[in-house]
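Note sheet for the following structure.
Because the structure is predicted, anything quoted here is derived from the model rather than measured. First the proteins, then the strands, lettered A, B, ... as listed; each starts at 1.
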Number of protein chains: 2
Amino acid sequence: MEQEAAPKITDVARVAGVSTATVSRALSKPETVAKQTREAVLAAAAETGYRINLAARNLRRRSTGAIVLLVPNLGNPFFSQILAGIESTLSSRGLSTLMVDTKHSGSGDEFILDYLHHSRADGIISLDGSLPPSILNSPGMAAENLPIVFGCEWLQNGHYPSVRANNEQGALLAIEHLASLGHSNIGYINGPDENVLSQVRKASTKRALKDRGVPVREDWFFAGDFTLESGASVARKWMKMEDRPSAIFCANDEIAFGLISELHQSGIRVPDQLSVIGYDDIDIAKRYIPALTTIWQPRFELGQTVAELLLKGVTDGGFGDTIQVKTLPVRLIIRQSTSAP
Amino acid sequence: MEQEAAPKITDVARVAGVSTATVSRALSKPETVAKQTREAVLAAAAETGYRINLAARNLRRRSTGAIVLLVPNLGNPFFSQILAGIESTLSSRGLSTLMVDTKHSGSGDEFILDYLHHSRADGIISLDGSLPPSILNSPGMAAENLPIVFGCEWLQNGHYPSVRANNEQGALLAIEHLASLGHSNIGYINGPDENVLSQVRKASTKRALKDRGVPVREDWFFAGDFTLESGASVARKWMKMEDRPSAIFCANDEIAFGLISELHQSGIRVPDQLSVIGYDDIDIAKRYIPALTTIWQPRFELGQTVAELLLKGVTDGGFGDTIQVKTLPVRLIIRQSTSAP
DNA sequence: ACGTTACATGTAATCGATTACAAATGCAAT
DNA sequence: ATTGCATTTGTAATCGATTACATGTAACGT
């Protein structure tokens, strides 16, 4: 195995007959060297197969050209559009993205901490609103003022910039839709209790029901956790009830699928016997049976917006005292899982 | 903004009253320093809020403690289990994972190349079998002998280790299931033509049909691209046909959903009028309506296996001439989308 | 012809952690 | 008391690219 050492900048310099400084400049600030030299350097770089050593560059520049993206669960297709939006914005500015699944990353908090301290990333985008405080309050975190922004989810007590979809509006649209169809027995399946989105969607659902004059039945507010199975489990409860809601609003699409599917197994049809609304409008929602009525969020745009917000923080070296919170509008997509009772 | 400089190893050394060498050792090879010193250093590190600068470490160590994971499409939930398997194996060995979506990463080939050359990653796992040759043949690539392994997909002409699911067996199981139900008019919807998995599944389907004595009808072999919409589009074609297959095997689950959903819109029911089999057994398959008969792959295990293979390559500094190809068995999961014709 | 400016390039210090090697210390065996 | 060995710690070179500063050169105006 004749492992030849990777060519370094001195090798290129020698081949091109210039100094390392010139090579460096020709590569990263081409306009500062004479055309002729630049071409010689480029040719030498190609000839030697030179690839920059990013560790060395990062060490010297004290920046990494990368940002860390914390995602609560990559398995949920909901995130893919957001990721695409983030990626497209960041890469157009020459930044690369390191994705980390906060649920999987076995190594725990300490692992994430290492990213945060300017040695691996220039900034952080978190789609996870449940970062352990141990991380955010870690010594240095505050002082270092590393740019961090939240997308979709956010931190309840912590002043960080964030971009959100309008969850209040989403709940309102869903409830108004059901109420206007004539439903007055409306239930709700929540996501995990500790999740901000769950909390807001649940509270907003209650408020919307009240505002509309629809009774709020606590026993029709079911616990869930954003999974298919939690929806299925509510289906079983629903079937056992004497007094049932005629419509259920779910905190995300997966819950809705689990619910509809389990009901279907027992011969109960949606929307004939129960109207169901989801949340997120993931790709399959349109192709489920029945096609799912749901709340659409501007996922790609949200990704772009959060990335732009971060970029501002990165170039300004922090956010100072102007902590922006942007809220994007959502839309109700009416399909076939809802009907009059 | 009183941006205090991040504490470095010299700061810790000063506080602990030892040299930087001792700090470094106390942190990364604790057993080589006296207990008392070790504790003093740890205390000093905690006090100063010291975080290692990975750029400096990587530069000096000439390794990164990270591997790059190339994923063709993070939006497909199929990958999440594989990612989990990879993550769990790698992180148990102290390696972190940088995920890159090869479809999105706007910056193109060059961007990926930079990862590959020992400056950002110690190895590569690719779940994408369509890496442009420009990358793999790039100067230095061969010489540097950087550990790279493929999972799921693989490169047709390129000798790299890989871990695959048994696609021949998958097609065989699907066809045998349909045939044994009594189907003799069997169609197939393929993934993208250039994809290895598409190619193998299609060829294996043909072989299985032949072996079973079922006629192979070229006009029943439809083109697709692994998306919901491509399945829907075949549904429209199917409905227009005079002479139709009574069962269709799809190269993945999403195609199957698109197919079933579009048929459903026109009042055609699965499995009554058409039996459908998918491939992958993504989570929603079990909760689709009807629940989808499909081919299950050991995704988590595949992830673990490919990670272990890579780890071997990383520790051995390459694979030498022993290019392993592992093939894992798949299973037929019979649900409700198939029945006798 | 001379000074000024603009531009191109080179020299060498620097980023922060690791580690080869040297030095110091303590202990046991002779 | 002396030697040898093991253990612990310190000194300083090193990883590879960037960039402040110095130097050199050409072009221009007067």
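- Taking atom CD1 on B/Ile52 and atom P on C/dC15, their separation rounds to 17 Å, with Å as the unit.
- Look at CG on A/Asn53: it is 17 Å from P on C/dG16, rounded to the nearest Å.
- For B/Tyr50 and C/dA17, the shortest distance from a side-chain N or O to OP1 or OP2 is below 4.0 Å.
- Considering all non-hydrogen atoms of both residues, A/Asp101 and A/Leu74 come closest at OD2-N, 3.0 Å.
- Between A/Asp11 and A/Arg14 there is a salt bridge, since a side-chain N of the basic residue sits under 4.0 Å from a carboxylate O of the acidic one.
- Using a 4.0 Å heavy-atom cutoff across all strands shown, B/Ala34 reaches sugar-phosphate atoms only and no base atom.
- Contact annotation for A/Thr22: backbone-only contact, meaning every heavy-atom pair under 4.0 Å involves sugar-phosphate atoms and none involves a base.
- Note: NZ (A/Lys8) to P (D/dT14) measures 11 Å, nearest angstrom.
- As a whole-Å value, the separation of B/Arg51 CZ from C/dG16 P is 17 Å.
- Taking 3.5 Å as the limit, the base of C/dT18 and the side chain of B/Arg57 contain no donor-acceptor pair of atoms between them.
- In this structure, A/Asn58 places its CG atom 12 Å from P of D/dA17, rounding to the nearest Å.
- The distance between atom CD1 of A/Ile9 and atom P of D/dT19, rounded to the nearest whole Å, is 11 Å.
- When each of B/Arg60 and B/Thr32 is assigned the nucleotide of DNA chain D bearing its nearest heavy atom, the one mapping closer to the 5' terminus is B/Thr32.
- Under 4.0 angstrom from either OP1 or OP2 of D/dT18 there lies at least one side-chain N or O belonging to A/Arg61.
- More than 12 heavy atoms of other residues, nucleotides or ligands sit less than 6.0 Å from atom CD of B/Gln156.
- For D/dT9, the OP1/OP2 oxygens have a side-chain nitrogen or oxygen of B/Thr37 closer than 4.0 Å.
- Closest heavy-atom contact between B/Ala84 and B/Phe300: C-CE1, 3.7 Å.
- Using a 4.0 Å heavy-atom cutoff across all strands shown, B/Lys35 reaches no nucleic acid atom at all.
- Straight-line distance from the CD atom of B/Gln36 to the P atom of C/dG26: 13 Å, rounded to whole Å.
- Between B/Lys29 and C/dT18 there is no side-chain N or O to OP1 or OP2 distance below 4.0 Å.
- Looking at every heavy atom in both residues, A/Ala26 comes nearest to A/Leu42 through O-CD1, 4.5 Å.
- Among the candidates B/Thr315, B/Asn58, B/Thr64, the single residue satisfying the side-chain hydrogen bond (donor to acceptor under 3.5 Å, both in side chains) test with B/Asp122 is B/Thr64.
- Checking B/Val18 against B/Ala56, the closest nucleotide of DNA chain D that is more toward the 5' end is the one next to B/Val18.
- In this structure, the nucleotide among D/dA17, C/dT19, C/dG10 sitting nearest to the side chain of A/Ala21 is C/dG10.
- Under 3.5 Å, the side chain of A/Arg25 and the base of C/dG10 form at least one donor-acceptor pair of N or O atoms.
- For A/Glu31 and C/dA8, the CD to P distance is 10 Å, given to the nearest whole Å.
- Each of D/dG10, D/dC15, D/dT18 was ranked by its minimum atom distance to the side chain of B/Leu59; first place goes to D/dC15.
- Using a 4.0 Å heavy-atom cutoff across all strands shown, B/Val23 reaches no nucleic acid atom at all.
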